[in-house]
Structures are given as structure tokens and as C-alpha cells.
Amino acid sequence: MKKNVLIIGGGGREHAIAYSLSRSEKVGKIYCAPGNAGIAQIAECHPELKATDLDGVVAFVRSHPDIYMTVVAPDDPLAAGMVDRLEAEGFRAFGPRAAAARLEASKSFAKDLMKKYGIPTAGYEVFTDYASAAEYLDGCAYPVVLKADGLALGKGVLICETEEEAKNGLKEIMLDKAFGSAGNTLVIEDFLTGFECSALAFCDGKTIVPMTTSQDHKRALDGNKGLNTGGMGTFSPSYKVSAETEKRIYDEVLLPTLNGLNAEGIEFKGVLYAGLMINGDDIKVLEYNARFGDPETQVILPRLATDLFDIFEACIDGTLSDVKIEWTGNCAVCVIAASGGYPEAYEKGKEISISDVDDNIIVFHAGTSHIDGKLVTSGGRVLGVTALAPTLKAARDSAYKNIENIEFDKMHYRRDILSEL
Ligand code: AMP
Ligand code: GLY
């Protein structure tokens with residue numbers, strides 16, 4: 001008997017999860033809350049049900065006894081305890097409970113865990129009052145990195161070149177509360193150089209299995225200029241990471257993180273994501289996420305050869321060591337088509353036209369909806385054009401060729417994803 005699944009979230013990541021589950025022979029109907037116009041092609045979407053509405057989601061699952069499993073994809077409902085709530089009612093849910101999701105929801109918690117268990121990360125101090133933080137900034141080396149403690153849509157990180165910039169940033173975070181209560185506690189961290197890589201892994205509380213590597217492009221503009229975004233493009237595998245480095249990431253970061261959490265009495269089930277800075281032999285953790293990355297998922301899952309539903313089952317049941325997780329030989333590149341102005345203010349409701357795309361292309365929807373029968377933009381990141389090809393270079397060329405077939409007013413995308421190849 002096929003099993004019905006509910007996915008919580010409505011971005012490109014959730015579209016990629018829905019796409020992957022829709023290819024499983026074991027999965028029947030897919031529900032998605034709230035979903036988007038692209039997800040609606042393969043799932044029954046419930047735009048009225050917000051991803052952060054814990055009561056609403058629990059009530060929805062209660063009233064749909066055909067739902068076998070709920071996949072909680074975004075950070076906020078995980079941090080708020082959606083998985084705990086579903087489990088308390090006897091429902092099956094994929095994702096970490098709130099205590100484990102703190103790894104992402106509190107940067108100071110994550111930093112202290114890394115320090116305690118010897119996981120390599122940038123030197124740092126934690127502050128809960130403005131005056132001591134300001135005093136610390138008087139004597140520190142620049143550039144320096146300021147991080148609001150809580151979730152801030154990936155935007156609560158400021159890289160400050162000078163003391164003046166840092167003092168302004170400090171005021172913004174701790175006094176003006178630019179990121180709300182996320183700024184009550186502040187981490188001030190040493191600035192690291194190198195290249196960034198995303199190490200995602202499936203985790204069942206006892207076993208942690210790395211996914212293939214990927215690399216995000218977080219800045220809005222070409223040449224890594226402009227503001228930090230949720231991610232403007234990704235590729236997988238990360239050609240800069242050798243097999244030896246992958247092994248070290250497992251030995252020095254992923255496994256010690258799982259072991260450290262267990263030593264603290266915290267069971268982590270779901271996707272553990274370590275954002276890394278790699279410089280020669282030096283591997284350091286920049287941040288953890290307690291979920292799939294967006295847009296990393298849009299290049300990782302299309303390369304997954306194993307049934308994603310089986311992996312979710314094994315993560316929940318604690319049987320991950322029995323599953324062989326395999327990847328196809330293809331490479332993947334995803335270029336995000338964003339609304340003009342993103343990550344700052346942007347307009348919504350722009351009509352989107354997508355003419356024919358090649359067979360090796362998947363157009364993942366991130367911020368789209370249907371209004372009066374028209375496909376329109378409804379978010380900052382609108383679409384992710386993922387190309388699959390035998391080489392990264394061919395995938396890049398194909399993604400860029402096909403994004404030309406997509407249009408909406410003020411559409412913006414980075415033109416330099418993998419331009420070094
Ligand atoms: P985070 O949300 O902690 O990953 O930070 C967002 C982005 O800020 C990262 O992807 C990096 O590009 C940058 N960043 C964060 N921490 C540091 C650091 N210690 N040194 C240099 N860049 C950093
Ligand atoms: N792409 C970065 C993230 O998902 O946090």
C-alpha cells in the first residue's frame with residue numbers, strides 16, 4: 001500500500017523534496033502546506049495553512065488520517081517544536097525535535113557545543129549586554145563577524161571591516177533589534193577566509209550518513225558582492241572537496257557533532273547541515289542548520305539514486321545503518337531567478353513566463369502562486385533552474401541556456417555560478 005505524506009513548507013527546497021518523494025513507488029498522495037504553484041503540480045497544496053502554524057498543522061494531520069508521515073522542512077516550525085507536537089499525538093514526523101533544532105536556532109548554543117566537544121570553529125565570544133559587546137569591539141581584530149543568536153532568515157550575520165561598521169552593526173542588532181529578539185544575544189566571531197561548502201547528512205540519532213557535497217552562493221550579486229541572501233545558486237558535487245576532505249568532514253565535524261549532542265542527552269533525527277569554511281587543510285564550521293539547505297536541496301535530491309521515502313523512514317526508525325545511500329553519476333547546477341531588489345524590498349505579483357525547457361532541466365518553484373489563472377511571483381527567490389549533466393561545466397551551461405526561457409519583470413540572477421570552470 002502506498003503511503004501519503006504531508007510536507008511542511010513552500011519554497012524551492014520543499015518542491016525538491018516533493019519532486020523526490022513523487023518518484024518513490026511507495027509514496028501515494030503528497031500534501032503540502034502551504035506549498036506553491038510548482039508544488040501544486042505534484043501535490044495537494046494548502047496555502048491557507050502556514051508552515052509556522054503548529055496548532056493548524058496538528059489539527060490538519062488529525063483530520064487527515066490518511067497522512068502517514070509529515071516532513072517538516074523549514075527552520076522555524078522545527079525550532080518551535082512542530083515535530084514534538086506531532087509525535088506527542090502519535091503521528092510520524094521527519095525532522096529534529098526542538099531541543100535538537102536548537103543547533104540552528106541558537107548560534108551561542110551551537111558554538112558552546114563545538115567548543116565543548118572539540119569541533120573546529122572560529123574563535124568567538126557571546127554577549128547578552130550591549131556595553132560589554134561594545135567594549136570587546138574596541139580591542140578586537142578586523143574584519144569581525146557579528147551574529148544575532150536566533151533565527152533571522154539567514155540575514156542575522158554581519159561581516160564588519162572596521163570598528164565603526166561593527167559598532168553600527170552592534171547597535172542595529174542589540175539596540176534597534178533589526179532581527180527582533182534574535183538579537184538579545186550576540187555572538188562575535190573571528191573572520192575566516194577560504195571557500196565555503198555545505199555538508200548535509202541524514203541522521204537517525206545514532207548513525208549519520210553524509211550526503212553528496214554542494215556549494216551555495218549566498219551573496220546577491222556577481223563576484224560575491226551585495227547582501228547575504230538565502231542562496232542564489234548551488235552546484236553539486238563540490239569539485240573543490242577531495243575524498244580525503246570529505247572523510248575528514250565526517251570524522252572531525254559530523255560524527256563529533258552527533259556524539260556531542262548525544263552526550264548532552266539530545267537525540268538528533270533528520271537532516272544535519274554543517275556550513276563549512278575550508279582553507280587548505282583547515283576545516284571550520286561556520287554554522288549548523290537542522291534541516292535541508294535551500295537551494296542546496298535543489299541540486300542534491302535530483303542526484304539521489306536511493307528512495308528518499310526509505311531514508312526518511314530509516315531516520316525516524318533509527319535504522320539508517322541498514323540503508324545504502326547512493327548518488328547518480330550526474331552533476332547538478334541550480335541558478336536562482338530572484339525578484340529585483342531581493343534580499344531587500346521587492347515587488348510581488350509579476351507574471352512569469354516559462355517557455356520550453358530541455359529534458360535535463362527541472363524548474364523548482366520557490367516563490368510562486370497562481371492568481372486568476374496566471375503564474376505570478378510571490379517571493380524574493382522565485383524559481384530555481386536545476387540542470388543535470390555528466391559534468392559540472394555542461395550542467396552550468398545548460399542551466400544558463402535554459403534560464404533564458406524564463407521571464408518576469410525585474411527578474412535577477414547571478415551570472416557567475418561556476419564561471420571559474
Ligand atoms: P551563517 O548564517 O553563520 O552561515 O553566516 C552566513 C554567511 O556569512 C556565511 O555563509 C559566510 O559567508 C559568512 N560568515 C559567517 N561566519 C563567518 C566567519 N566567521 N568568517 C567569514 N565569513 C563568515
Ligand atoms: N542555503 C543556505 C541555507 O539553507 O541555509
Side-chain angles (χ1 to χ4, degrees), residues 9 11-14 16-17 73-76 78-79 101 103-111 114 120-125 140-161 166 169 173 179 182-183 186-200 211 213-221 223-236 238 270-279 282-301 334-336 338 343 364 366 380-381 384 414 417:
R13 165 184 52 211
E14 288 76 17
I17 294 170
D75 50 3
D76 301 295
L78 288 168
L103 202 55
E104 170 168 12
S106 167
K107 294 201 187 273
S108 58
F109 170 75
K111 294 293 289 189
M114 288 187 264
T121 187
Y124 72 103
E125 295 287 337
C140 76
Y142 287 87
V144 78
V145 185
L146 308 187
K147 297 188 172 183
D149 187 61
L151 297 177
L153 292 170
K155 294 174 194 159
V157 174
L158 301 180
I159 294 170
C160 306
E161 303 287 340
I173 295 177
F179 309 108
L186 179 79
V187 174
I188 302 185
E189 190 173 282
D190 299 344
F191 178 76
L192 300 175
T193 54
F195 72 88
E196 286 183 51
C197 162
S198 306
L200 281 75
M211 300 185 210
T213 52
S214 60
Q215 220 165 301
D216 192 8
H217 293 68
K218 288 207 169 118
R219 300 292 195 100
L221 306 175
N224 289 326
K225 301 222 163 61
L227 293 171
N228 257 324
T229 69
M232 294 296 291
T234 37
F235 58 85
S236 174
S238 169
V271 173
L272 179 73
Y273 164 147
L276 306 173
M277 184 74 88
I278 301 181
N279 195 343
D282 197 41
I283 301 173
K284 286 205 166 75
V285 177
L286 288 175
E287 64 159 349
Y288 290 112
N289 295 320
R291 52 168 175 85
F292 281 108
D294 189 344
E296 287 89 336
T297 308
Q298 291 90 305
V299 286
I300 290 176
L301 290 185
C334 174
V335 181
I336 299 291
F364 288 120
R381 290 186 291 176
R414 274 184 64 162
I417 310 291

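All values below were derived from every heavy atom in this structure, side-chain atoms included, with hydrogens, water molecules and symmetry-related copies excluded. Order of listing sets the numbers, starting from 1, for every ligand and every atom in it.
At least one donor-acceptor pair under 3.5 Å links the side chain of Ser236 to the backbone N or O of Thr213. Here the side chain of Thr234 pairs a donor or acceptor atom with the backbone of Pro295 at under 3.5 angstrom. In terms of modelled atom types and a separation under 3.5 Å, the side chain of Glu104 and the main chain of Ala290 share a donor-acceptor contact. At distances below 3.5 Å, at least one donor-acceptor pair connects side-chain atoms of Asn279 with backbone N or O atoms of Thr193. For Thr121 (side chain) and Val285 (main-chain N/O), a donor-acceptor pair under 3.5 Å exists by modelled atom type.
With Val187, Asn224, Leu192 as candidates, the residue nearest to atom 21 (C) of ligand 1 on a non-hydrogen basis is Leu192. When the heavy-atom distances from atom 19 (N) of ligand 1 to Glu189, Lys147, Glu104 are ranked, the shortest goes to Glu189. Among His217, Glu196, Lys218, the residue whose heavy atom lies closest to atom 12 (O) of ligand 1 is Glu196.
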Side-chain donor/acceptor pairs under 3.5 Å, residues 142-150, sequence neighbours excluded:
residue : atom : partner : partner atom : Å
Tyr142  : OH   : Leu137  : O            : 2.7
Lys147  : NZ   : Glu189  : OE2          : 3.1
Lys147  : NZ   : Leu286  : O            : 2.9
Asp149  : OD1  : Ser106  : OG           : 3.3
Asp149  : OD1  : Lys107  : N            : 3.2
Asp149  : OD1  : Ser108  : N            : 2.7
Asp149  : OD1  : Ser108  : OG           : 2.8
Asp149  : OD2  : Ser106  : OG           : 3.2

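Within the model, atoms CZ of Arg381 and CD1 of Ile336 stand 6.0 Å from one another, a figure rounded to the nearest 0.5 Å.
By the side chain to side chain donor-acceptor pair (under 3.5 Å) test, Arg414 is found to be paired with Asn224, Asp416, residues two or more places apart in sequence or in another chain being considered. For Tyr288, the side chain to side chain donor-acceptor pair (under 3.5 Å) partners at least two apart in sequence or on another chain are Thr257.
At a heavy-atom distance under 4.0 Å, only side-chain atoms of Val145, from C-beta outward, approach ligand 1. With a 4.0 Å heavy-atom cut-off, ligand 1 is reached by no atom of Asp216.
Contact atoms of ligand 1 toward Lys107: 1 (P), 2 (O), 3 (O) (distance under 4.0 Å to a heavy atom of the residue). Here is the list of ligand 1 atoms found below 4.0 Å of a heavy atom in Asn228: 7 (C), 8 (O). Within ligand 1, counting atoms from 1 as listed, the ones closer than 4.0 Å to a heavy atom of Phe191 are 20 (N), 21 (C).
Using a 3.5 Å distance cut-off with no hydrogens or angles, the side chains of Asp216 and Ser198 do not pair a donor with an acceptor.
Every protein residue with a heavy atom nearer than 4.0 Å to ligand 2 is included here: Asp216, Lys218, Gly230, Tyr273, Asn289, Arg291, Gly293, Asp294, Pro295, Glu296.
At a 4.0 Å cut-off, at least one heavy atom of Asp190 sits close enough to ligand 1 to count as contact. Not a single heavy atom of Lys284 sits under 4.0 Å from any atom of ligand 1.
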Pair Phe364-Thr297, side-chain contact (heavy atoms from CB on, under 4.5 Å): steps then yes or no: CA-CA 10 Å; Phe364 288 120; Thr297 308; over 6 Å; no
